[in-house]
Amino acid sequence: MASELTETGFFDRRAENVARDLLGVTLGFCGVGGVIVETEAYHRDDPASHSYRGQTPRNAAMFGPAGRAYVYRSYGMHWCLNMVCQPGSAVLIRALAPTLGLEVMRARRGGLADRLLCSGPGRLAAALGVTGAEDGADIMQPPFRLEPRPREPDIVAGARIGITKAVDELLRFGVRGSPHLSKPFR
DNA sequence: CCCAGGATTGACT
DNA sequence: GTCAATCCTGGGA
């Protein structure tokens, strides 16, 4: 790994590499969170990326410093959390294996099964309590917390989900065999 | 200014 | 499997 999780250098790299290196890392936010098991990379010159057509008010965080959060509203009702990498690129956090503050997250999600608690970008943000208020926030500082992974997990790559452009790129990454993936890899 | 469509989810057939 | 919910962005006129 290029540098420590608490240094900008970790994030100021190609999103694809950061997406792989985030698997197995524990993400905490206000006492809740879990182990990152699924990510997707979005690049500056990527037709599927929000940054593809340049900077706008919504995607401004993607063009700011690396190591910040880019949070956007999806389908008018869900929040999705990204970590900003090199300018105009970011990693979408798609799933966690919940480990921190389980009771709080369960209560927030009204009895949703633990396996589904953080399995999907919208579910994960809802369980953690991440909203647009966190857009642009420094994820290397509280209330965010990042804990290094104990070892490199067995990584699977696949096509990204829910997009209509650049569908062939294998920019979705997951921890092989995790029961918390938002969808299986094939 | 207008309006089609989206990096999703959950309910329902 | 299908489909509506919901809102706001941004491209095009």
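Residue numbers start from 1 in every chain, and the chains themselves are labelled A, B, ... in the order their sequence lines are given, proteins ahead of strands. Worth saying up front: this structure is predicted, and the values here are computed from it rather than measured.
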State plainly whether one hydrophobic cluster holds both [X] and [Y], where clusters connect Ile, Leu, Val, Met, Phe, Trp and Tyr through side-chain heavy atoms under 4.5 angstrom apart.
X	Y	value
A:Leu146	A:Phe29	yes
A:Val130	A:Ile36	yes
A:Leu124	A:Phe144	yes

Legend entry - Distance between P atoms of C:dA4 and B:dA4 (Å, rounded):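 Those two atoms are separated by 16 Å.
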
Inset, instruction - Using the C1' atom as the reference point in each nucleotide, state the distance between C:dC3 and B:dG5 in Å, no decimals. - result: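 The answer is 15 Å between these two C1' atoms.
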
Is the phosphate of [N], meaning OP1 or OP2, less than 4.0 Å from a side-chain N or O of [X]?
X	N	answer
A:Arg109	B:dG10	yes
A:Thr56	C:dG10	yes
A:Arg73	B:dA7	no
A:Arg58	C:dG10	yes

Inset, instruction - Measure from the ring centre of A:Tyr75 to the centre of the six-membered ring in the base of C:dA5, then say whether that distance is under 5.5 Å and the planes meet at under 30°. - result: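 No, the aromatic ring of A:Tyr75 does not stack with the base.
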
Inset, instruction - Once you apply the 3.5 Å cut-off to both distances, tell me the Watson-Crick or G-U wobble partner of C:dG12, or none. - result: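 Per the H-bond distance test, B:dC1.
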
Legend entry - For B:dA7, the Watson-Crick or wobble partner whose two distances fall under 3.5 Å: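 Across any shown strand, B:dA7 pairs with none.
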
Given atom [atom1] of [X] and atom [atom2] of [N], what is their separation to the nearest angstrom?
X	N	atom1	atom2	value
A:His78	C:dC7	NE2	P	11 Å
A:Asn59	B:dA7	CG	P	12 Å
A:Met77	B:dG5	CE	P	17 Å
A:Leu117	B:dG10	CG	P	11 Å
A:Arg123	B:dA11	CZ	P	10 Å
A:Leu112	B:dT8	CG	C1'	14 Å
A:Lys183	B:dA7	NZ	P	13 Å
A:Met62	C:dT9	CE	C1'	15 Å

Inset, instruction - Look at the side chain of A:Asn82 and decide which nucleotide, out of C:dA5, B:dA7, B:dT8, has an atom nearest to it. - result: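 For the A:Asn82 side chain, the nearest candidate turns out to be B:dA7.
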
Legend entry - Spacing of CG belonging to A:Leu92 relative to CD1 belonging to A:Ile163, to within rounding of 0.5 Å: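 Reported value, rounded in 0.5 Å steps: 10.5 Å.
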
Legend entry - Any A:Met140 side-chain heavy atom under 4.5 Å of A:Phe10 side chain: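 Side-chain contact under 4.5 Å: no.
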
Inset, instruction - May I ask you to say what A:Arg53 touches in the nucleic acid, namely base, sugar-phosphate or nothing, with a heavy-atom cut-off under 4.0 Å? - result: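 Sugar-phosphate contact only.
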
Inset, instruction - Determine the contact category for A:Ile163: base if any of its heavy atoms lies under 4.0 Å from a base atom, sugar-phosphate if only primed atoms, P, OP1 or OP2 are that close, otherwise nothing. - result: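 Sugar-phosphate contact only.
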
